[in-house]
Amino acid sequence: MAARRKTITQDDLKNFMTTTHTSTQPIGIFDSGIGGLTVVHALVQALPKEDLIYFGDTAHMPYGDKPTATIQSYAVKIAHMLLQQECKLILIACNSASAAAYELVKEYVNGKAIVMNVIDPTIHFLQSTHAHQSVGLIGTRQTVNSHVYKRKIDELNCGIHLYSYPTNLLASAIEEFGNHPVIDAILNEYLSQQELSTIDALVLACTHYPVIKESIAKQYKKFHHKSIDIIDSSNIVAKAVKQQLEDSELLNQHGIGKKQFYVSAYTETFAANAKIFFGDQLSLDYYPLWD
Ligand code: DGL
């Protein structure tokens, strides 16, 4: 079996170490909308003392249908904003942006913060739990067409057979309706694919999808008459962020866990969902992302 692939290279760490960082600096997280909130929710459980700054690029949601270069330009602008806020770590809490822009954001950030994505921790999890199995993946067109999961899994040579299927409408429907019965009609169409019947596990390769995890499990069972592991990467990613902060000696163990949310367009659905996750006290500000 090939050696375990590291998310952060020695060069990244060397660059990072030349800039002074302290554990009290915030963690920056971004997504196109509410999807990244599923990751923030897991981060709050794993790292209750950390200050978090979240950016939801609601003005440009959905990312999944946009050209790679467009997503890259949004991602770099958001990373710039998070650097201005002195984040010690920037987490791309969006599969589409992780697929399209992780390398570029890392280059742009150039060691001024640690940059992480949601794909690498999930790949490492799959390697340790589902080697030599058949794994399905649903995500946006950007994520699926990038073939990034397949490429990284194949590099590990762990015998996972990956079947990826684009479920493009889902993220926008979740952003609009949350966990609502209307979603079942869309799932009916996507999850009835015959190719999905042989899989042992299904990766939710879009950070919006954990919001409807139960419906996905139910609809899958309805069509394929079996239960499978539904892999929600939010806890996996939160664990990887914690590990990275520990390794870099940047874990904040004495903070107050302040949370600040920004959106590029104010939407009722974002505000409502953020409240469901984090209660009434949350601080939500408008921050336009110039085009
Ligand atoms: N939450 C996102 C992802 O993980 C983005 C969905 C979208 O904006 O299309 O891919």
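Quick note: residue numbers are just sequence positions, from 1. When a ligand or atom number is given, it counts from 1 through the structure's own listing order.
Of the heavy atoms in A171, only side-chain atoms (C-beta onward) come closer than 4.0 Å to ligand 1. In H208, the parts holding a heavy atom less than 4.0 Å from any atom of ligand 1 are both the side chain and the backbone. Contact annotation: for N95 versus ligand 1, heavy atoms closer than 4.0 Å belong to both the backbone and the side chain. Using a 4.0 Å cut-off between heavy atoms, C206 contacts ligand 1 through both its backbone and its side chain.
Among protein heavy atoms, atom 7 (C) of ligand 1 sits closest to Y63 N, 3.3 Å.
Of all non-hydrogen atoms in P26 and I53, the two that sit nearest each other are CG-CD1, 3.7 Å. Contact record, H21 with K112: NE2-O, 2.7 Å, taken as the closest heavy-atom pair.
Across G33, S98, A93, S96, heavy-atom proximity to atom 10 (O) of ligand 1 is greatest for S96.
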For this session: Please lay out, stage by stage, how Y286 and Y262 fare under the test ring pair (Phe, Tyr, Trp, His ring centres under 6.0 Å).
Result: CA-CA 6 Å; Y286 168 58; Y262 293 97; over 10 Å; no
For this session: Report the C-alpha distance between R141 and D65 in whole Å, list the side-chain angles of each, state the deciding distance to 0.1 Å, and finish with yes or no for side-chain contact (heavy atoms from CB on, under 4.5 Å).
Result: CA-CA 6 Å; R141 206 166 279 141; D65 263 341; 3.0 Å; yes
For this session: Evaluate the ring pair (Phe, Tyr, Trp, His ring centres under 6.0 Å) criterion for residues F30 and F55: first the C-alpha distance (whole Å), next the side-chain angles of each, then the deciding distance (0.1 Å), finally the verdict.
Result: CA-CA 5 Å; F30 74 89; F55 190 92; 7.6 Å; no
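The number of heavy atoms from other shown groups lying within 6.0 Å of CD (Q45) is above 12. Around CD of Q193, the count of heavy atoms belonging to other residues, nucleotides or ligands within 6.0 Å exceeds 12.
Here's the thing with T140: none of its N/O atoms is less than 3.5 angstrom from an N/O atom of ligand 1. Taking only nitrogen or oxygen atoms, main chain and side chain alike, D65 does not reach within less than 3.5 Å of ligand 1. The shortest N/O to N/O separation between G64 and ligand 1 falls below 3.5 Å.
Ligand 1 places these atoms under 4.0 Å from at least one heavy atom of M61: 7 (C), 8 (O). The atoms of ligand 1 that sit less than 4.0 Å from any heavy atom of S32 are 5 (C), 6 (C), 7 (C), 8 (O). Ligand 1 places these atoms under 4.0 Å from at least one heavy atom of D31: 1 (N), 2 (C), 5 (C).
Judged by distance alone, the side chain of T143 and the main-chain N or O of G139 form no donor-acceptor pair under 3.5 Å.
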